[in-house]
Amino acid sequence: MVDMAIELFIELDDRGLPSDAGMHTVLLKAIVEEKGAAGVLDLIQRCDILRPELFDILCNKSISFLCKKGSPETACDVYVVMKRKGSVVTRKSYYSILEDANYALRFFAKIRECGWTTATIPVTVFDNLTTNGRVLDAYKLIRDMEDNLPRMDVVDYSIMVDRLCKGSHIRKALDLCEFARKKGITLSIVTYNSVINGLCRQGCLVEAFRLFDSLQKINVPPSEITYAILIDILTKEGHLVDARKLFEKMIVLGLKPSTRVYNLLINGYCKMGQMQEGLKLLLDLEVKCLKPDEFTVSAVINGFCRNGDMEAALGSYFDFKRDGHLPDFLGFMYLLSGLCSKGRLEESQSILREMLQTRSVINLLNKVEIDVQTESMEQFLFFLCEQGRIQETITVLNEVQSMFFPVERWRTGAPSGPEKLKEIYDSKAFGIAASKSSLSSYETDMNIKSSDAENTVKNYAEEENRSQLCDFDSYFDHLASLCTKGELLEANKLAKMLTC
DNA sequence: GTAGGGTTAG
């Protein structure tokens, strides 16, 4: 039947009679139903004798139709037929292929097979890939189609660089930075922040600080966020003194630390048991007309709880509460587990009640997908709490906590936590000398201490010894030249150093 | 096939 319809369709055109879009759709539908997607390609080949205008319309329609029906391969085949005939591929059909990231990749593979270059790859292809967790595909596409790229601007690159960093593909992120710069893009501090953050997350502190220092040279001033990233990692690694120096440095440079930056240090001090320092900063924060937030409250509470000083923890909770500042989910959890561990169940219950009425806690609980029928998580917990089943309530909350706040991310292979590092660091005068760059003193001190330091610290020193690069620019040049010379072993070593 | 879209916490 379909064959007859096709013949009729061709005959109509032959007689100069028009056909409309509706008719094309009906025809395509019938063909796919009876012969599958391949039938459409067959149709296109048979319709070679149509008037060129109609042939173009039918082909373009087929491409969109096939994509919609999930047959991108055949759509690409139709595209190839069209290109070979010199037909005009409309934007609509072109984009219907590129809309889907998988289709786009197959499409470009086909194009390469044919030995063609594409007109342009739309930025949306990269957006789609990047936002759908396929940043490596996007990266590969960029590297493969170097000369046929869309006009990507600094933000397009920045998003990709950040995603690559988040996926621990630091080397590729750096490579993309260099690629963008070769394309004439001037990267901004936002992109550098992503890279610095990525390096820190990978434990490559030396490289992170190297990049930080090189920012001055390339005339990109570090922002408040740059400092926040570095202060955070230093704090996490137990280098509180250095973190504090960076904090002071940013103030000297005229960058105003936000509550968020204060929080990093307050949290660091409180976790290290240096409550006095933490509270001093809290005071300073308020002097600077900044407001504590949920994180601040939680950090202070955590500090007192860690010290086992539940009176002080409760006291600060009520003080903050009086001023309209509540802890967040974790802050409440610190307080609750502290109270429970002392067997103070009644107080736990009243704190639990307040917790379960706190907006941010409720918001978090609402994100939990549970199948406890119609009940919401919040109602469920409140019910448990009111029944006096405190321990059970907290058990459930602990589950929630493990979902949203996975265990602290200390680097693997580091056998001990911040306490040990603190000892090491406090034992000698140590810090970022004002006259030197932050990195050079950091490295020097690392080397001095590598004999008695923990593995983590040793690693930095080793990294430093392996690395003979002075700045970001020469890093790129070095890596690029290694790759060009085919010295992949060396390049790999360099890459390994970055991706650890 | 635009314009607006990009970075930091336990």
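No experiment lies behind these values; they were computed from the predicted model shown. Here is the naming used below: chain letters follow the sequence lines, and residue numbers restart at 1 for every chain.
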*Mark this stacking check for A:F405 against B:dG10 as yes or no, applying ring centres under 5.5 Å and ring planes under 30°.*
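According to the criterion (under 5.5 Å, under 30°), no, A:F405 does not stack.
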Out of [options], which has the shortest distance to the side chain of [X]?
| X | options | value |
| --- | --- | --- |
| A:V155 | B:dT7, B:dA9, B:dG5 | B:dG5 |
| A:K166 | B:dG10, B:dT7, B:dG6 | B:dT7 |
| A:V154 | B:dT8, B:dA9, B:dG6 | B:dG6 |
| A:F295 | B:dG6, B:dA9, B:dT7 | B:dA9 |
| A:D127 | B:dG10, B:dG4, B:dT7 | B:dG4 |
| A:T124 | B:dT2, B:dA9, B:dG5 | B:dT2 |

So what does [X] touch, heavy atoms closer than 4.0 Å: a base, only the sugar-phosphate, or nothing?
| X | value |
| --- | --- |
| A:T226 | nothing |
| A:S258 | nothing |
| A:S188 | base |
| A:I159 | sugar-phosphate |
| A:I229 | sugar-phosphate |
| A:D153 | base |
| A:V123 | nothing |

*Are A:H24 and A:F65 close enough, and set up right, to give a side-chain contact (heavy atoms from CB on, under 4.5 Å), and what steps lead you there?*
CA-CA 10 Å; A:H24 301 160; A:F65 187 83; over 6 Å; no
_Base B:dG10 to side chain A:D328, donor-acceptor N/O within 3.5 Å cut-off_ =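 In this structure, the two groups form a donor-acceptor pair.
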_Check this for me: does the side-chain of A:N263 come within 3.5 Å of the base of B:dA9 through a donor and an acceptor?_
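By the distance-only test, yes, there is a pair.
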_Measuring from atom OH of A:Y79 to atom CD1 of A:I97, what distance do you get when rounded to the nearest 0.5 angstrom?_
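A:Y79 OH to A:I97 CD1: 7.5 Å, rounded to 0.5 Å.
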*Are the side chain of A:D328 and the backbone N or O of A:L330 linked by a donor-acceptor pair below 3.5 Å?*
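Yes; at least one donor-acceptor contact below 3.5 Å.
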Interatomic distance where [atom1] belongs to [X] and [atom2] belongs to [N] [whole Å]:
| X | N | atom1 | atom2 | value |
| --- | --- | --- | --- | --- |
| A:I189 | B:dT7 | CD1 | P | 14 Å |
| A:D156 | B:dT2 | CG | P | 10 Å |
| A:L330 | B:dA9 | CG | P | 14 Å |
| A:F126 | B:dA3 | CZ | P | 19 Å |
| A:M152 | B:dG6 | CE | C1' | 12 Å |
| A:E224 | B:dA9 | CD | P | 13 Å |
| A:R260 | B:dT7 | CZ | P | 11 Å |
| A:L246 | B:dT8 | CG | C1' | 14 Å |

_Please report whether the ring centroid of A:F212 lies less than 6.0 Å from that of A:Y227._
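Between A:F212 and A:Y227, which both carry aromatic rings, the centre distance is below 6.0 Å.
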*Is A:D175 salt-bridged to A:R143, going by a charged N under 4.0 Å from an acidic O?*
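The answer is yes: the pair qualifies as a salt bridge.
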*Does a donor on one side chain sit under 3.5 Å from an acceptor on the other, for A:K61 and A:T25?*
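The answer is yes; a qualifying pair exists.
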